[in-house]
Amino acid sequence: MTTFADLGLDPKVLSAVTDAGYTEPTPIQAGAIPPALAGRDVLGIAQTGTGKTASFVLPMITLLGRGRARARMPRSLVLAPTRELAAQVAANFDTYAKNTKLTKALLIGGVSFKEQDALIDKGVDVLIATPGRLLDHFERGKLLLTGVQIMVVDEADRMLDMGFIPDIERIFQLTPFTRQTLFFSATMAPEIERVTNTFLSAPEKIEVARRATTAESIEQGVVKYTATRKDRQASEKRALLRALIDGEGEKCKNAIIFCNRKTEVDIVAKSLKKYGYDAAPIHGDLDQSQRTRTLAAFRDGSLRFLIASDVAARGLDIPDVSHVFNYDVPSHAEDYVHRIGRTGRAGKLGKALTICVPHDEKWLAAIEDLVEKEIPRVESPLKGGAKARRDRDVQDDAAPAKEAPAAPAPRPRDTAADPAPTAPRTPRDRDRDRDRDRGGRNRRGGKSGRDDAVVGMGDHMPAFLTRSFKPKPDPETTEETAD
DNA sequence: AAAAAAG
């Protein structure tokens, strides 16, 4: 049996690994570390939760052991798709490099340049970054990548999903072709294959069995739910979520609740808080300090419910999540696997419950296709079927305790979804966002056959300029038409 | 009926 001691790591690294409580490498670690230490390129095909991070951090620290950093010329570079993942890699680096003098800088967006600049100027051994912020530093002439000896790309398939591949290719070209490359992806999409063919040389390929999608450690269930009335869908769905949480009782130590949209994340978090649940939102529109604080609180157990967009679906290592609730069925089947994979980790048991409204049935079918299993149907904890709910519906607001037994009385009205206090986004906002988009990636191509263009507005004429100024009555908000 | 990433 292989132990870490057999892998040829620097003794300082080895003792840090031992201190962290590990003796036996995971398959990806056992496979990737020896060739990496031998200076070879590595192509690792592995999901998160397989010990992937240590499989590049440990050899990297060992290889960088000799030599020291020069100003503005980092000796190695790790690229991750999200800020949280980059921060997680940085934390791993700190853990395993604690007996060395190696230095690092974390270059992510949403925080000030100042500290990052100071570190780069001084010189760091390891740069851990998201692509956008890294290129930003480079373009401002603060950074030279010609000294990079080792480059790591983590979660490449997610980079692909997020449109980062052109950035990654550009960064590759800024580093010396003699560099060593360690490249990790959960899947080998054709586009990923093309990149590895271009930038890796004779890589050692290590493929680790996909983490069982329906791990026995995760109990799964789907709750089908149909609104009694269209205009009640949102608030009933939140009531159902509360009932599901309450139904789990003490067993639900903590949970991540996934929503498909950022606005929904905010609404659900606000609603749960209103009902006395210890909940906080996390998604990409929140500022970085809040994201960091919220995640830290959830990790250390001081926050019980994390309401999240898919920013938290992949890669994040949060030990001890007892439950995952999918408030929405994810529209990409893969994401389901990633989301529920946040629970049932490290030998612990977990439970994943998914709420499915009729509109989402096709996505549910796609998920069951992917995992090649039927997810057990679970009866809705809200009493009775649709008919019973319809009958009860009239006095919904007057029947407090029934739906949320654990909620503190008096039951506040769930007004989280009421017209927002902040102004709704206008087409103009969206156009401004698109203008900001860099590289014009998301820009409309061609003339799109519009013959009513307004002179002087280029391709970015706000849509409302071509419409009547008189607002149409909105069928969604006119109660009378609901039945 | 999407999220993420630069500011």
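Everything quoted here is computed from the prediction, not taken from an experiment. Labels below follow one simple rule: chain letters A, B, ... track the order of the sequence lines, proteins then strands, and each chain is numbered from 1.
- At least one side-chain nitrogen or oxygen of Arg83(A) sits closer than 4.0 Å to the OP1 or OP2 atom of dA5(B).
- At least one donor-acceptor pair under 3.5 Å links the side chain of Asn260(A) to the backbone N or O of Val329(A).
- Counting any heavy atom pair closer than 4.0 Å across all strands shown, Arg291(A) reaches sugar-phosphate atoms only and no base atom.
- Base contact: Asp136(A) has a heavy atom under 4.0 Å from a base atom.
- Residue contacts for Asp161(A): at a heavy-atom cut-off of 4.0 Å it reaches a base atom on one of the strands shown.
- Asp328(A) places no side-chain N or O within 3.5 Å of a backbone atom of Pro330(A) that could act as its donor or acceptor partner.
- Side chain of Met162(A), nearest nucleotide from dA2(B), dA5(B), dA1(B): dA5(B).
- Side-chain proximity of His332(A) to dA5(B), dA1(B), dA2(B): nearest is dA2(B).
- Within the nucleic acid shown, Phe113(A) comes within 4.0 Å of sugar-phosphate atoms alone, with no base atom in reach, counting heavy atoms only.
- Residue Thr82(A) has no polar side-chain atom (N or O) positioned under 4.0 Å from OP1 or OP2 of dA5(B).
- Residues meeting the side chain to side chain contact (heavy atoms under 4.5 Å, CB included) test with Arg70(A), sequence neighbours left out: Met73(A).
- No hydrogens or angles were tested; on distance alone, nothing pairs the side chain of His283(A) with the base of dA4(B) as donor and acceptor under 3.5 Å.
- The side chain to side chain donor-acceptor pair (under 3.5 Å) check on Asp41(A) picks up nothing, with sequence neighbours excluded.
- Nucleic acid contact class of Pro330(A) (heavy atoms, under 4.0 Å, all strands): none.
- Note on Ser331(A): nothing from the nucleic acid sits closer than 4.0 angstrom, heavy atoms only.
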